[in-house]
Amino acid sequence: MSVSSYLARRAAQKERVRILYRRALKDTLNWAVHRHLFCFRPPREVRCQQARGEDLDTIDRLIADGEASYNKWRHPDPYIVPWAPGGSKFTRNPKPPEGVEIVYDYGLENNS
């Protein structure tokens, strides 16, 4: 394997790990809104196995195992901020449809 292809593959692996790590951190907020209450630490044997990964195929397998584990344990009903699209307050007071007139004088209408 040439040096340039090795470096390109390592860069792709680092990117996959970075994306997986960010997704996992964001997903922890679905389980507990305060991250310090829900801290995950993998078992020691998993951390040691990951630290020894030098072979590119072994690293790819470990990343694939991590992605499969993430997809297996992902929250089924993720938390959505109330004012974000899909949240409970999103478009709670939408604009009225066209043709509907709203009178804002609250009972002080001029009935003449």
Side-chain angles (χ1 to χ4, degrees):
M1 179 182 287
S2 69
V3 174
S4 61
S5 64
Y6 174 82
L7 292 175
R9 192 165 171 193
R10 286 292 292 161
Q13 288 174 340
K14 288 178 183 179
E15 183 70 13
R16 283 178 64 194
V17 169
R18 185 186 65 79
I19 290 170
L20 178 63
Y21 182 70
R22 287 188 59 165
R23 285 191 335 206
L25 282 180
K26 287 181 183 179
D27 195 52
T28 58
L29 290 176
N30 294 329
W31 293 97
V33 178
H34 301 290
R35 190 174 286 148
H36 67 278
L37 299 176
F38 189 83
C39 181
F40 172 73
R41 189 166 182 189
R44 182 175 172 79
E45 61 272 3
V46 173
R47 290 193 314 264
C48 291
Q49 179 186 14
Q50 292 170 350
R52 288 192 306 258
E54 294 294 327
D55 180 34
L56 293 180
D57 295 328
T58 305
I59 295 171
D60 281 334
R61 184 183 52 80
L62 290 171
I63 294 171
D65 291 347
E67 289 171 342
S69 177
Y70 169 75
N71 288 329
K72 178 182 176 186
W73 296 106
R74 218 165 70 190
H75 198 283
D77 186 23
Y79 176 77
I80 300 173
V81 180
W83 51 86
S88 61
K89 288 185 178 179
F90 187 69
T91 66
R92 178 169 287 174
N93 297 314
K95 293 181 182 176
E98 300 233 359
V100 175
E101 183 181 341
I102 298 177
V103 179
Y104 290 107
D105 56 4
Y106 304 107
L108 301 177
E109 294 93 359
N110 213 355
N111 293 332
S112 51

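Worth knowing before you read on, the calculation uses all heavy atoms, side chains too, and leaves out hydrogens, waters and symmetry mates.
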| request: Quick one: do Arg9 and Asp60 satisfy side-chain contact (heavy atoms from CB on, under 4.5 Å)? Show the steps, please. | output: CA-CA 10 Å; Arg9 192 165 171 193; Asp60 281 334; 2.5 Å; yes
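Residues His75 and Asp27 share a closest heavy-atom pair of N-OD2, 3.5 Å. Considering all non-hydrogen atoms of both residues, Leu20 and Gly66 come closest at CD2-C, 3.8 Å. Considering every non-hydrogen atom in both Asn71 and Arg23, the closest pair reads OD1-NH2, 4.4 Å.
With rounding to the nearest 0.5 angstrom, the CZ atom of Arg16 is 11.0 Å from the CD1 atom of Ile59. Note that CZ of Arg10 and CG of Leu56 are 6.5 Å apart. Values are rounded to the nearest 0.5 Å.
Heavy atoms from other residues, nucleotides or ligands lying under 6.0 Å from OH of Tyr70 number more than 12. The number of heavy atoms from other shown groups lying within 6.0 Å of CZ (Arg22) does not exceed 12.
The pair Asp65-Lys72 does not meet the salt-bridge criterion, since no charged nitrogen lies less than 4.0 angstrom from a carboxylate oxygen.
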